[in-house]
Every structure is written in C-alpha cells, then in structure tokens.
Peer 1: 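Below is one structure. I have some questions about it.
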Amino acid sequence: MTQHGHEADTVFARALAGDRRALGRLLSLVERGGPAAERITELAHPHSGRAHIVGITGAPGAGKSTLTGQLMRLLPERSFRPAVLAVDPSSPLTGGAILGDRIRMDDLAGESAFIRSMATRGHSGGLALAVPGALRVFDAVGYDPVIVETVGVGQVEVDVAGAADTTVVVVTPGWGDAVQANKAGLLEVADIFVVNKADRPGAADARRDLELMLDLSHVTGQEDAAGYRPPIVMAQALDGTGADALWEAVAEHRSHLEATGQMADRRRRRLRLEVISRLDQMAQAQAAAVLADDVGRQLLGEVEQRQMAPTTAAARLAERLLTDRRSGRGTG
Ligand SMILES: Nc1nc2c(ncn2[C@@H]2O[C@H](COP(=O)(O)OP(=O)(O)O)[C@@H](O)[C@H]2O)c(=O)[nH]1
Ligand SMILES: [Mg+2]
C-alpha cells in the first residue's frame, strides 16, 4: 500500500471512531487534494449519503456566520450533531472568529459540533473538488446536518446551491432589496430566505419585495411543480431571534424534498457533477502533459508556422492521448 493510502486509512478509521483530531487531519488531507484525498474519498463514500447538507449564502456581512453560530448552539440541544464548513475568501485556515464576532470556536468546542474553515485560495485541485470532499467526510463520520457557509453565487467558484440539499439565502435591509438578490442569481437558488438584521429599518420592505418577486416567479411558472414556495424567515442573528424558525423551515424543506423524490434527484445530480469535475480535471492534466511533450511541441510549432490547422493538431493530440491511455503509457 502506498504511504498516502496507509495514512489515509489509519486517519479515516480513527475519525470514524470519533477522534476529532483525526477528523481535522482528514479534512486537511482532503483539502490538499492528490492521492491521499482520492483514497479518503474511496473510504468515505460508502459511509456517506445520510447527512442533510444545508447551504447558507448571501453577501459578505449579511450575518451568515452569526446565524450559523446560532444554529450551532441550538442543534446540539436537540440531539443533532452539526458540522460547519465555512468557505470564505477572507478566512484564515484557523480563524477564531469564523462564526461571527460574537461566537468563537472555543464556545462550540463541545463533542457534538465541529467547525472547519476553508480558505478559497491555494487549491491545486480547486474548491470544486475540495468542498464536496470535505462535506462527504463530515457526512461519513456521522455529522448531520452539515452546514456550508459561502458568500453569494458568482463570488466564489464553488456553487453552494449545487453542493447543498437545502439552500438558505440571507439578505438584509441594508444590503438591498429582493431586486439585488434577484440580480445576483440568488432568487432562483433559494429554498428558504432569511431577512436578517430585522432590528434595522427597512426589514419589512425587504420581506415585501421578496414576496413580490416570489409572486412573479409563481406567475411565470418557476415555482416548484409540487407547490413549494420558499418561506421568508425574519431574523436577528445577533440575539438568536429567528434561529428556531429557520431550523423549522429547513426541516420542512427536507421533508418536502423527501416526500417528492427531489432529495434523491438533487443528490444524483450532485454526484454526477462531482464525477464530471473530476473527469474534467483529469482530462485537463492529461491534455497539458501531451501538449508539453516533444510531439505536442512539434505540432504546436506547425500550427504557429501555419503548416497545420489548430483543429488538426487538436485531433492528433486527442488521438495520441487516448491511444496512450489505452496502452497504459499515459502520464497519469
Ligand atoms: N444589527 C444587526 N447586526 C447583525 C445581525 N446579525 C449579524 N450582525 C452583524 O453583522 C456583521 C456581519 O456578520 P457576519 O455573521 O460575520 O456576516 P457574514 O459575512 O455574512 O458571515 C457582524 O458585525 C455581526 O455582528 C443582526 O441581526 N442585527
Ligand atoms: Mg461569514
């Protein structure tokens, strides 16, 4: 067995038995990518598929972390074992304040919760693989729900709605109205809305605007065929108001997904996308290798000299790449 395989196997077994340090190590290995991450995916996959993955998204400063922190307080009291993956462009790897400025990791260091921050920079394999990998690890070792916090669609390369069973979109009176949420593409991905900072003026307006937008999407037939309409939860994350109602909405959405078969559909689509990203990454690495070798460089030279069309060169390279793979002389 390779060294990577050996470490991954040992660490995974320990994490599965409840060792929190091993879980931390496992997540680092997954985040780093490469052979160890692949081995961990193999080990974790058969154990996964049970946790409810809840995405929390919205503009920076909307209160996502504070709200998540409130859920992390509430859920263990109700016998859940929640985990959080905070994907944050500004977050250091071991930030003490990832759950907002009032709630520190130490407050939540109990056995029944786990919080992990993932910086968006420095991923050779990309977040597109690191995020599903980390969520799978949490799921496999028994955390449920698994909450993934990210800034809004289009601001990071990870698509939270694609990664989650239930997507919560947080807006604030200060951030703007439903029109902005709509422009940011958040309206389509929301299963639940939270109007946070309801202590601020304009909260009722934000709610009304969202209701109007939802009415419109109903008229244009965008509403869920099974009649689901995203509820709007008013919250003040700083003092925890609305956290209960948010959790209730999340649980209702889960029931709805299960009753209508959409849970299975979403998961099927997600796994398919994960295979596609992985395949894509492998194909790109292979293509880069074939382009960089002698034949690749020669063909590129011929294209530059106008002796060969780019299409012909690409077709030749593709053929070589596939032949190499089949005869086991590939670079991977
Ligand atoms: N007034 C008010 N401030 C809030 C509320 N919730 C969060 N905040 C503050 O908003 C700021 C951003 O919160 P944070 O949770 O870090 O937002 P994130 O970037 O979406 O994760 C922090 O200073 C919070 O204390 C709220 O309900 N009311
Ligand atoms: Mg945050």
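For ligands, and for the atoms within them, numbers begin at 1 and follow the listed sequence.
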Peer 1: Examine all N, O or S atoms of Ser65, backbone included, and report whether one is under 2.8 Å from the Mg ion (ligand 2).
Peer 2: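 It does: Ser65 brings an N, O or S atom closer than 2.8 Å to the Mg ion (ligand 2).
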
Peer 1: For ligand 1, which part of Ala237 has a heavy atom less than 4.0 Å away: the side chain, the backbone, both, or neither?
Peer 2: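 For Ala237, the contact with ligand 1 is made by both the backbone and the side chain.
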
Peer 1: Once you restrict to heavy atoms under 4.0 Å, what part of Asn196 touches ligand 1? Side chain, backbone, both or neither.
Peer 2: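 Looking at Asn196 and ligand 1, just side chain atoms fall under 4.0 Å.
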
Peer 1: Just jot down the ligand 1 atoms closer than 4.0 angstrom to any heavy atom of Ser65, in number order.
Peer 2: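 Listed by number with element, the hits are 15 (O), 18 (P), 21 (O).
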
Peer 1: Which atoms of ligand 1 sit under 4.0 Å from any heavy atom of Pro60?
Peer 2: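 Counting from 1, the qualifying ligand atoms are 19 (O).
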
Peer 1: Taking only non-hydrogen atoms of Gly69, do any sit less than 4.0 angstrom from ligand 1?
Peer 2: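 Flag not set, Gly69 not near ligand 1.
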
Peer 1: Is the closest side-chain donor-acceptor distance between Ser277 and Arg272 under 3.5 Å?
Peer 2: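 Absent: no donor and acceptor within the cut-off.
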
Peer 1: What's the atom name of the N, O or S in Glu149 nearest to the Mg ion (ligand 2)?
Peer 2: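 Going through the N, O and S atoms of Glu149 one by one, OE2 ends up nearest to the Mg ion (ligand 2).
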
Peer 1: For Glu149, take its heavy atoms, then give the atoms of ligand 1 lying under 4.0 Å from any of them.
Peer 2: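 Answer, ordered by atom number: 21 (O).
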
Peer 1: With a cut-off of 6.0 Å (strictly less than), are more than 12 heavy atoms of other residues, nucleotides or ligands near CZ of Arg306?
Peer 2: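 Atom CZ in Arg306 is not packed in, count stays at 12 or less.
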
Peer 1: Ring pair (Phe, Tyr, Trp, His ring centres under 6.0 Å) for His52 and Tyr143? Distances and angles first, verdict last.
Peer 2: CA-CA 9 Å; His52 186 195; Tyr143 287 91; over 10 Å; no

Peer 1: Does the pair Asp165 and Arg267 meet the rule for a salt bridge (Lys or Arg N to Asp or Glu O under 4.0 Å), with working shown?
Peer 2: CA-CA 7 Å; Asp165 299 316; Arg267 289 178 173 183; 2.8 Å; yes

Peer 1: With the threshold set at under 4.0 angstrom, would you say Ala62 reaches ligand 1 through any of its heavy atoms?
Peer 2: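 Yes; Ala62 lies near enough to ligand 1 that a heavy-atom distance drops under 4.0 Å.
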
Peer 1: Side chain, backbone, both or neither: which part of Ala198 has a heavy atom under 4.0 Å from ligand 1?
Peer 2: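 Under 4.0 Å from ligand 1, Ala198 contributes no heavy atoms.
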
Peer 1: With nothing but distance in play, are any N or O atoms of Gly61 less than 3.5 Å from an N or O of ligand 1?
Peer 2: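 The answer is yes, given that Gly61 and ligand 1 share an N or O pair closer than 3.5 Å.
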
Peer 1: Tell me which one of Thr150, Thr166, Val169, Thr68 satisfies side-chain contact (heavy atoms from CB on, under 4.5 Å) with Ile56.
Peer 2: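 The passing option is Thr68.
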
Peer 1: Could you tell me which atoms of ligand 1, counted from 1 in the order shown, lie closer than 4.0 angstrom to a heavy atom of Thr66?
Peer 2: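 In order of numbering, the contacting atoms are 7 (C), 13 (O), 14 (P), 15 (O), 24 (C).
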
Peer 1: Between Arg278 and Glu38, is there a side-chain N and carboxylate O pair less than 4.0 Å apart?
Peer 2: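 Looking at Arg278 and Glu38, the cut-off is met.
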
Peer 1: With heavy atoms of Arg200 as the reference, note each atom of ligand 1 found under 4.0 Å away.
Peer 2: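 So the atoms of ligand 1 that pass are 1 (N).
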
Peer 1: Could you tell me whether Asp9 and Arg39 have a side-chain N and a carboxylate O separated by less than 4.0 Å?
Peer 2: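 A salt bridge is present here (some side-chain N lies under 4.0 Å from a carboxylate O).
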
Peer 1: Within ligand 1, which atoms have a heavy atom of Ala59 less than 4.0 Å away?
Peer 2: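 Numbered from 1, ligand 1 contributes 20 (O).
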
Peer 1: Do NZ/NE/NH1/NH2 and the carboxylate oxygens of Arg254 and Glu258 come within less than 4.0 Å?
Peer 2: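 Answer for the salt bridge query: yes.
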
Peer 1: Just jot down the ligand 1 atoms closer than 4.0 angstrom to any heavy atom of Gln236, in number order.
Peer 2: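 Here the atoms of ligand 1 in question are 27 (O).
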
Peer 1: Flag the pair Arg207 and Glu211 as a salt bridge only when some basic side-chain nitrogen lies within less than 4.0 angstrom of an acidic carboxylate oxygen.
Peer 2: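 Answer for the salt bridge query: yes.
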
Peer 1: Would the number of heavy atoms belonging to other residues, nucleotides or ligands and lying under 6.0 Å from CZ of Arg316 be above 12?
Peer 2: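 No - once you tally the heavy atoms of other residues, nucleotides and ligands closer than 6.0 Å, there are 12 at most.
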
Peer 1: In terms of atom number and element, which parts of ligand 1 are under 4.0 angstrom from non-hydrogen atoms of Asp199?
Peer 2: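 The atoms of ligand 1 under 4.0 Å from a heavy atom of Asp199 are 1 (N), 2 (C), 26 (C), 27 (O), 28 (N).
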
